[in-house]
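Start at 1 and go down the list; that is how both ligands and their atoms are numbered.
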Amino acid sequence: VKLTLPAQSEMLSKDFIYGVATASFQIEGGKDSRLPCIWDTFCNTANKIADGSNGEIACDHFTRWQDDIELIDSLGVDAYRLSISWPRVINESGEINQTGVNYYLNILKHLESNNIKAFVTLYHWDLPQHLEDKGGWLNRETAFKFRDYVDLISKAFSNKVHAYATLNEPFCSAFLGYEVGVHAPGIVGKEFGKKAAHHLLLAHGLAMKVLAINSPNSLNGIVLNFTPCYPESKSLEDIKATTFADDYFNQWYIKPLFDGKYPHILSQLPAEHQPVIHDGDMEIIAHKMDFLGVNFYTRAIYRADADEHFIQITPPEPRTDIGWEIYPKAFTELLVSLNERYRLPPIYITENGAAMADEIIDGVVNDQDRVDYYQQHLNAVNDAIEQGVSVKGYFAWSLMDNFEWAEGYLKRFGIVHVDYETQIRTIKNSGIAYKALITSR
Ligand code: GBH
């Protein structure tokens, strides 16, 4: 099994960065040595997680991190994208928890000695519970708490980080967490989502300013997820509905970063659904960035709806094990259109991958559908580069199977299989194919 690219592809240059990605809550476990976070609470609430599981052990990466770094190294990658658990490194009074910081310093040191670049995400959804108790992302103060955390941690990490992303996917935190409530903290109401989103973006901007001072030599930016929106038909109504959905879900999070304003649909939202914007906020949010992280999995299809502006329809096949349509063309079109609309810094694909129902047979995981997914999506990125988009790296989501949020352990995204009984890791055929591509350069 192997993944290939056209012979002249820029993605075959040694400067193009290939990596694997994870997030703290999804892999670490080690719950007793950190503060509780909103995902602990959410997992302990009935009927929120498909298999009733939690993140208390997960992949036990907290104790197995050294072996896991060897595993990462054995894949031949240039970079590892990990996230820092805020509740592990900062205590309730806002001071550094040195034991937690040392844990990550060790990881960073081992990455460095293996010549693997560290791409550090500062917030991948594990908000300390004590901050949620004061309103979480609905409380403007949380943005300043985030800034203070970033100040302390970026000083502690000094020069060991290649790239910092402030937030992972603020859309998910705001919309899934504070509007439809399928993610922690599980708050439901249209009046909440955009308020949470504004405080998240403010937190990002405040943190960018701190990073520019404390860590001027790293690449500093953000990671956004995009689910490009397509109309079900060519009717004007469907096209309008789709543009509204795109502004609501996608452009909402990128336009303020580069244009310093929200999409114009802001004024169409009922006043009580609108964020509270203070003077100067939009300038803080639009802080210059060194890179944009783009996460892509699938597209979405919309139809006009009289009451709700739009409704999302069930996508056609083929779909992955989590029900998301496999439609790589949307990846190219997304990158090209972002590049046309905004004055972007270099892009890193910080996540891309597929959930598949994997089986180990005689020690082999023959995940051919995932290999095909990666092949098609690497080609899609290459197509975008050929059309002039500056993409400098690509990270597979994920290094290994892990806690897939509301899906628990039922959905597997890894290029490495994890047996949750024994914690044995087995490189899947997709991992073998990814390594073959990387080492062929
Ligand atoms: C990422 O979120 C996360 O960063 C990561 O932690 C997670 O494990 C990984 O993806 C896999 O889920 O209903 O067809 O319109 C991705 C979040 C995925 C949210 C696509 C919106 C729309 C699917 N996005 N999803 S659809």
Just jot down the ligand 1 atoms closer than 4.0 angstrom to any heavy atom of [X], in number order.
X	value
Gln312	13 (O), 14 (O), 15 (O), 26 (S)
Cys172	17 (C)
Glu169	1 (C), 2 (O), 3 (C), 4 (O), 16 (C), 17 (C)
Trp405	5 (C), 6 (O), 7 (C), 8 (O)

- Query: Parallel, tilted or perpendicular for Phe403 and Trp39, by the 30°/60° rule?
  - Reply: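 Geometry flag for Trp39 against Phe403: perpendicular rings.
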
- Query: Using 30° and 60° as the class limits, which term best fits the ring planes of Tyr123 and Trp86: parallel, tilted or perpendicular?
  - Reply: perpendicular

Restricting to heavy atoms, the pick from Glu325, Arg299, Glu351 nearest atom 1 (C) of ligand 1 would be Glu351

Does Arg88 count as lying over the ring of Tyr103, i.e. NZ or CZ under 6.0 Å from the six-ring centre, within 45 degrees of the axis? yes

Honestly, for Glu404 the part within reach of ligand 1 (heavy atoms, under 4.0 Å) is side chain

Among all protein heavy atoms, pick the one closest to [atom] and tell me residue, atom and distance.
atom	value
atom 14 (O) of ligand 1	Trp324 CD1, 3.6 Å
atom 21 (C) of ligand 1	Thr227 OG1, 3.9 Å
atom 9 (C) of ligand 1	Tyr297 OH, 3.4 Å
atom 24 (N) of ligand 1	Asn225 ND2, 4.1 Å

Does His124 have a non-hydrogen atom less than 4.0 Å from ligand 1?
yes

Considering residues, nucleotides and ligands other than [X], do more than 12 of their heavy atoms fall under 6.0 Å from its [atom1]?
X	atom1	answer
Ile57	CD1	no
Lys194	NZ	yes
Glu359	CD	no

Scan side-chain atoms only and decide if Asp246 and Thr243 contain a donor-acceptor pair under the 3.5 Å cut-off.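 Short answer, no.
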
Checklist entry - Is the closest side-chain donor-acceptor distance between Asn352 and Tyr394 under 3.5 Å? => result yes

### Polar proximity ligand 1 side, Asn168 side, N/O cut 3.5 Å exclusive
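Looking only at distances, the answer is yes, because the N/O contact criterion of under 3.5 Å is met.
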
